[in-house]
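Report on the structure given below.
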Amino acid sequence: MSTTEKRKTTRKKKDPDAPKRSLSAYMFFANETRDIVRAENPGVSFGQVGKLLGERWKKLTADEKVPYETKADADKKRYEKEKAEYVKRNGN
DNA sequence: CCTCTGATTGTTGGA
DNA sequence: TCCAACAATCAGAGG
């Protein structure tokens with residue numbers, strides 16, 4: 001099963017203080033591309049843009065993803081911090 | 001020890 | 001407010 005087949009929707013959180021996980025490079029990529037794709041495809045519904053984003057993302061090379069992965073990495077650290085506090089709260 | 005699934009992140013746009 | 005496809009990412013649990 002691929003990660004893209006389940007994910008019904010944002011399910012509930014099982015943890016009390018569940019620290020929000022780090023964002024994916026795609027999230028950052030979408031942040032920038034959403035504006036570009038939408039600019040090139042005005043009026044297109046999310047269905048079109050959404051798929052376009054995925055295709056564009058796959059088209060990007062590791063070098064292009066660098067800036068996005070970099071953000072993702074930075075956010076990852078952010079998550080670590082949240083987790084640290086989260087664990088502290090639970091493991092207090 | 002190693003593997004896997006589940007849950008989560010954010011975007012748009014309409015109902 | 002919620003959901004849909006898209007991709008990534010991580011943490012916990014199990015064998």
Side-chain angles (χ1 to χ4, degrees):
Chain A
M1 243 190 224
S2 303
T3 49
T4 45
E5 289 205 43
K6 34 194 163 103
R7 169 217 98 272
K8 292 283 194 254
T9 46
T10 48
R11 303 236 175 184
K12 307 182 256 183
K13 58 174 80 181
K14 53 181 176 69
D15 290 306
D17 279 290
K20 310 195 174 190
R21 283 187 22 266
S22 48
L23 276 72
S24 306
Y26 188 79
M27 297 294 114
F28 303 100
F29 165 80
N31 266 281
E32 299 270 334
T33 312
R34 70 177 158 101
D35 195 59
I36 311 295
V37 174
R38 259 204 94 228
E40 299 214 337
N41 305 285
V44 295
S45 323
F46 167 48
Q48 277 68 256
V49 181
K51 289 184 175 183
L52 280 169
L53 281 168
E55 291 185 69
R56 296 288 293 179
W57 171 252
K58 288 280 194 80
K59 278 175 168 266
L60 291 179
T61 53
D63 299 292
E64 314 303 314
K65 302 190 304 170
V66 161
Y68 306 109
E69 290 182 323
T70 304
K71 293 176 185 181
D73 179 71
D75 191 84
K76 175 177 157 282
K77 290 170 188 166
R78 195 59 169 168
Y79 167 69
E80 286 186 59
K81 189 176 166 184
E82 288 183 49
K83 185 178 57 112
E85 294 188 55
Y86 154 74
V87 172
K88 189 179 173 190
R89 278 188 178 229
N90 288 275
N92 188 338

TODO: Assess whether atom CZ of A:Arg78 is packed by more than 12 heavy atoms of other residues, nucleotides or ligands within 6.0 Å.
DONE: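 Result for CZ/A:Arg78: open.
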Using whole Å, what does the distance between atom [atom2] of nucleotide [N] and atom [atom1] of [X] come to?
| X | N | atom1 | atom2 | answer |
| --- | --- | --- | --- | --- |
| A:Tyr26 | C:dA4 | OH | P | 16 Å |
| A:Asp75 | B:dT11 | CG | C1' | 15 Å |
| A:Leu53 | B:dT12 | CG | P | 10 Å |
| A:Phe29 | C:dC6 | CZ | P | 14 Å |
| A:Arg78 | C:dA8 | CZ | P | 24 Å |
| A:Asp73 | C:dC10 | CG | P | 9 Å |
| A:Glu69 | C:dC10 | CD | C1' | 15 Å |
| A:Asp35 | B:dG10 | CG | P | 19 Å |

From the set [options], return the single nucleotide nearest to any side-chain atom of [X].
| X | options | result |
| --- | --- | --- |
| A:Arg34 | C:dC10, C:dC6, B:dT11 | B:dT11 |
| A:Lys51 | C:dA8, C:dA5, B:dT9 | C:dA5 |
| A:Phe46 | C:dA7, C:dC10, C:dA5 | C:dA5 |
| A:Leu23 | C:dA11, B:dT9, C:dC6 | B:dT9 |

Open item on the list: With a 4.0 Å limit, can you tell me whether A:Arg38 has a side-chain N or O closer than that to the phosphate oxygens OP1/OP2 of B:dT12?
Closed with: no
Open item on the list: Taking only side-chain N and O atoms of A:Lys58, does any of them lie within less than 4.0 angstrom of OP1 or OP2 on C:dC6?
Closed with: no
TODO: Examine distances only and state if a side-chain atom of A:Asn41 and a backbone atom of A:Val37 form a donor-acceptor pair shorter than 3.5 Å.
DONE: yes
Task: Polar side-chain atom of A:Asn31 near backbone of A:Met27 as donor-acceptor pair, under 3.5 Å - done: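 Yes, because the side chain of A:Asn31 sits within donor-acceptor range (under 3.5 Å) of the backbone of A:Met27.
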TODO: Mind checking A:Tyr79 for me? I need base, sugar-phosphate or nothing, with any heavy atom below 4.0 Å counting as a touch.
DONE: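 Result for A:Tyr79 = sugar-phosphate.
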Open item on the list: Students often get this wrong, so: under 4.0 angstrom with heavy atoms, is A:Ser45 touching a base, only sugar-phosphate, or nothing?
Closed with: nothing
Task: Any residue meeting side chain to side chain donor-acceptor pair (under 3.5 Å) with A:Lys76, in chain and number order, not counting sequence neighbours - done: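 Side chain to side chain donor-acceptor pair (under 3.5 Å) list for A:Lys76, sorted by chain: A:Glu80.
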Task: Test side chain to side chain donor-acceptor pair (under 3.5 Å) applied to A:Glu82 - qualifying residues, sequence neighbours left out - done: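 Per chain and number, A:Glu82 pairs via side chain to side chain donor-acceptor pair (under 3.5 Å) with no residue.
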- [ ] Assign each of A:Lys83 and A:Lys65 to its nearest nucleotide of DNA chain C by heavy atoms, then name whichever residue's nucleotide is nearer the 5' end.
- [x] A:Lys65
- [ ] Please figure out whether A:Gly47 or A:Lys76 has its closest DNA chain C nucleotide nearer the 5' end.
- [x]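 Its nearest nucleotide being more 5', the pick is A:Gly47.
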